[in-house]
Chemist: 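Let me give you the structure first, and then I'll get to my questions.
Convention: sequence-line order gives letters A, B, ...; per-chain numbering from 1.
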Protein chains: 2
Amino acid sequence: MSNSEAATVQSVDRALTILEVLARLGTAGVTEIAAELEVHKSTAFRLVSTLEAHRLVEQAGDRGRYSLGVGLLRLAGATTARLDLVQEARPITRQLAADTGETVNLTVRAEHAALYLDQVAGSSALQSHNWVGQHIPLHATSNGKVLLSELTPEQLADALGSLARFTPATITSKAQLRKELEQIREQGYSLAIDELEVGLTAVAAPIRNAHGDVIASISVSGPTFRLSAERLDAVIPQCLAAAGEISHRLGWSWRE
Amino acid sequence: MSNSEAATVQSVDRALTILEVLARLGTAGVTEIAAELEVHKSTAFRLVSTLEAHRLVEQAGDRGRYSLGVGLLRLAGATTARLDLVQEARPITRQLAADTGETVNLTVRAEHAALYLDQVAGSSALQSHNWVGQHIPLHATSNGKVLLSELTPEQLADALGSLARFTPATITSKAQLRKELEQIREQGYSLAIDELEVGLTAVAAPIRNAHGDVIASISVSGPTFRLSAERLDAVIPQCLAAAGEISHRLGWSWRE
DNA sequence: AAACTGAGTTCCACATCATGGAACTCTTCG
DNA sequence: CGAAGAGTTCCATGATGTGGAACTCAGTTT
């Protein structure tokens, strides 16, 4: 563990140890927790109160014992949902990268950006940029535009700040963006040609959950010189099929 | 929230806010986190390092961005597993309480004690003690003895400290306890008559997972004067059936 | 290829906050 | 009814957490 030698914050360390104690014991009282941590019970009480304020710990009644709280499930849920999606989709993202030879990405919306969760490089992609973990502007990417396309007008207003220009081809007009999102809804996929970077083309399709809601998107991207109009004609159906297959695995039915 | 007015620990509060930020954004850098918390980036770095030491946060590479870590899943897992079990079993514990009229409990082993997860009182049980959340000695309860009965000799040695006497009927000899655990394995259930408290009788049966491992137990308990030998003859099969049904729901096959 | 920029990381003097101790409240038990 | 023990509150003190300066490193620009 590379950073275990870095200085830690003692009170944070103690609070997290309380969580570990409660995971192990199920429930514990303040005095018991104080004994486990070898601190005074007023110290233990304050640490537990802080955890309780964040819902990571709950108390049975007003003066009872403590146990782990639902706030932990909420935090863990954010992680599990993303990990599950990545794992569930992996065979398909791999196959799509193999079939197209290009870079395949999986993204979700995180507030005002597209969050890249996974990336598989195809055989033609040599030194491709690693997008995983990065927040990329929604309006300038095929993934982002797919994710935006299913938002209500209110949600769309929230999700968009000012539309920054990255290339001459970047959409910076909200009216123009709305029009394009409508087109994406109709055709079922989105394109971004030289919009984030000159020379970069991507196609993305929506991934749906059991209810039909768009929860993620999958894209195929590569240099514009390679992803010509003819080449896109072949890649677009492959991307749509991959997105459909992932959606199917998540419980979505083909016909709505 | 009853204790939100209690003093909290600022640095713990900040660390937990980092977890919430990462749940929301997916990933974030130190400088970004510092901006969100309105602290210096060296402060943010130290807080993140502490979270990382406990595996609640992970870093992409040596100098990359941070995201929530698997340590969170481990903590949440302890909570979810217990909640899932309680919810899955609830219709059956309710039915058993209704059928027998007595108090029904669900327990798991937490280190050296039986941790009571759920309790449903029957019609005959008026002012019964609420066991939920409590750690009760394993050797002196029917639930505890069931949980002990499936341990290996090494695990048994670890799980037992000294066997405290609570009543004249409490088993305090390890040799005698081992003998009784063998009998429990044979007959498939355990009895505790006046062992924890004079006048308290309980029968417990094992709950198994898909692999057949004992992961919990269910008990019927009531006053000794009501749970006579004749009455137990009726209650024991009901308790066994309930345990079997819960096990079945968890994926266990009747015939191994 | 070199310089610049910005993010992550380390170290340290100082001030703020976390601590333990005393005391209080409340529940359970004898 | 009193004792015991757990949870909770308040406060003076000092230990720890902080911000600032400086460093390292990777990516970008010239």
Side-chain angles (χ1 to χ4, degrees), chain A residues 1-18 22 27-53 57-67 127-131 133-135 166 196-198, chain B residues 1-18 22 25 27-53 57-67 127-131 133-135 166-167 196-198:
Chain A
M1 40 199 81
S2 54
N3 278 315
S4 61
E5 320 241 334
T8 60
V9 180
Q10 186 181 54
S11 48
V12 174
D13 186 62
R14 283 172 169 167
L16 302 180
T17 303
I18 290 171
L22 291 176
T27 72
V30 170
T31 305
E32 195 171 356
I33 289 166
E36 287 273 344
L37 268 65
E38 295 180 334
V39 298
H40 197 273
K41 61 182 182 172
S42 64
T43 301
F45 180 76
R46 238 181 349 263
L47 293 168
V48 162
S49 291
T50 311
L51 292 166
E52 192 180 13
V57 142
E58 282 166 5
Q59 187 183 28
D62 275 342
R63 299 179 74 91
R65 297 166 71 81
Y66 290 86
S67 54
Q127 195 80 22
S128 69
H129 182 77
N130 181 23
W131 301 92
Q134 290 191 9
H135 292 83
F166 299 98
L196 184 71
E197 289 171 30
V198 170
Chain B
M1 43 199 82
S2 52
N3 277 314
S4 60
E5 320 243 333
T8 59
V9 179
Q10 187 182 53
S11 46
V12 174
D13 186 61
R14 282 172 170 168
L16 301 180
T17 303
I18 291 172
L22 292 175
L25 299 182
T27 73
V30 169
T31 305
E32 195 171 356
I33 289 166
E36 287 273 344
L37 268 63
E38 296 181 333
V39 299
H40 197 273
K41 62 182 182 171
S42 64
T43 301
F45 180 75
R46 241 183 345 264
L47 292 168
V48 162
S49 290
T50 311
L51 292 165
E52 192 179 14
V57 143
E58 281 167 4
Q59 187 180 27
D62 275 342
R63 300 178 75 89
R65 298 165 70 83
Y66 290 85
S67 55
Q127 196 80 22
S128 66
H129 181 76
N130 182 23
W131 302 92
Q134 291 193 7
H135 292 84
F166 299 99
T167 74
L196 183 70
E197 290 170 28
V198 170

Chemist: Is A/Ser11 close enough to D/dG17 that one of its side-chain N or O atoms is under 4.0 Å from OP1 or OP2 there?
Modeler: yes

Chemist: Does the side chain of B/Arg46 get closer than 4.0 angstrom to OP1 or OP2 of D/dG19 through an N or O atom?
Modeler: no

Chemist: Does a side-chain N or O of A/Tyr66 approach OP1 or OP2 of D/dT8 to a distance below 4.0 Å, or not?
Modeler: yes

Chemist: Find the distance A/Asp13:CG to C/dT19:P and express it as a whole number of Å.
Modeler: 11 Å

Chemist: Check A/Leu22 against A/Ser67 and note the closest heavy-atom contact, atom names and distance.
Modeler: CD1-C, 4.1 Å

Chemist: Check the distance between C/dG8's C1' and B/Ile18's CD1 and give it to me in whole angstrom.
Modeler: 14 Å

Chemist: Taking CZ from B/Phe45 and P from C/dT9, how many angstroms apart are they, rounded to a whole number?
Modeler: 4 Å

Chemist: For DNA chain D, whose closest nucleotide is more 5', that of A/His40 or that of B/Ala44?
Modeler: A/His40

Chemist: Quick one: does B/Thr167's side chain have a donor or acceptor within less than 3.5 Å of a partner on B/Val198's backbone?
Modeler: no

Chemist: Could you tell me how far apart B/Glu58 (CD) and C/dG8 (C1') are, to the nearest whole angstrom?
Modeler: 18 Å

Chemist: Separation of A/Glu38 atom CD from C/dA18 atom P, in whole Å?
Modeler: 21 Å

Chemist: Among C/dG20, D/dT8, D/dG17, which nucleotide has an atom closest to any side-chain atom of A/Thr43?
Modeler: C/dG20

Chemist: Taking donor-acceptor contacts at under 3.5 Å, does the side chain of A/Ser42 reach the base of C/dG20?
Modeler: yes

Chemist: I'd like to know whether B/Leu37 forms a side chain to side chain contact (heavy atoms under 4.5 Å, CB included) with B/Ile33, so could you lay out the CA-CA distance, the side-chain angles of the two residues, the decisive distance to 0.1 Å, and finally the verdict.
Modeler: CA-CA 6 Å; B/Leu37 268 63; B/Ile33 289 166; 4.2 Å; yes

Chemist: Return the value, rounded to whole Å, for the distance between atom CG of A/Leu37 and atom C1' of C/dT19.
Modeler: 13 Å

Chemist: If you compare every side-chain N and O of A/Arg14 against the phosphate oxygens of C/dT19 (OP1, OP2), does one of them come in below 4.0 Å?
Modeler: yes

Chemist: Tell me which one of A/Arg65, A/Glu32, A/Gln59 satisfies side chain to side chain donor-acceptor pair (under 3.5 Å) with A/Thr27.
Modeler: A/Arg65

Chemist: Give the rounded distance in Å between these two atoms: CD of B/Gln59 and P of D/dA26.
Modeler: 13 Å

Chemist: Do B/Thr43 and B/Arg14 pass the side chain to side chain contact (heavy atoms under 4.5 Å, CB included) test, and can you show the C-alpha distance, the side-chain angles, and the key distance before you say yes or no?
Modeler: CA-CA 10 Å; B/Thr43 301; B/Arg14 282 172 170 168; 4.2 Å; yes

Chemist: Choosing from C/dT10, D/dG17, D/dG7, which nucleotide comes nearest the side chain of A/Lys41?
Modeler: D/dG7

Chemist: Within the structure, does a side-chain N or O atom of B/Gln10 lie under 4.0 Å from either OP1 or OP2 of C/dT19?
Modeler: no

Chemist: With nearest nucleotides of DNA chain D determined for A/Thr31 and B/Leu47 from heavy-atom distances, which residue corresponds to the more 5′ nucleotide?
Modeler: A/Thr31

Chemist: Rounded to the Å, how far apart are A/Phe166 CZ and D/dT28 P?
Modeler: 14 Å

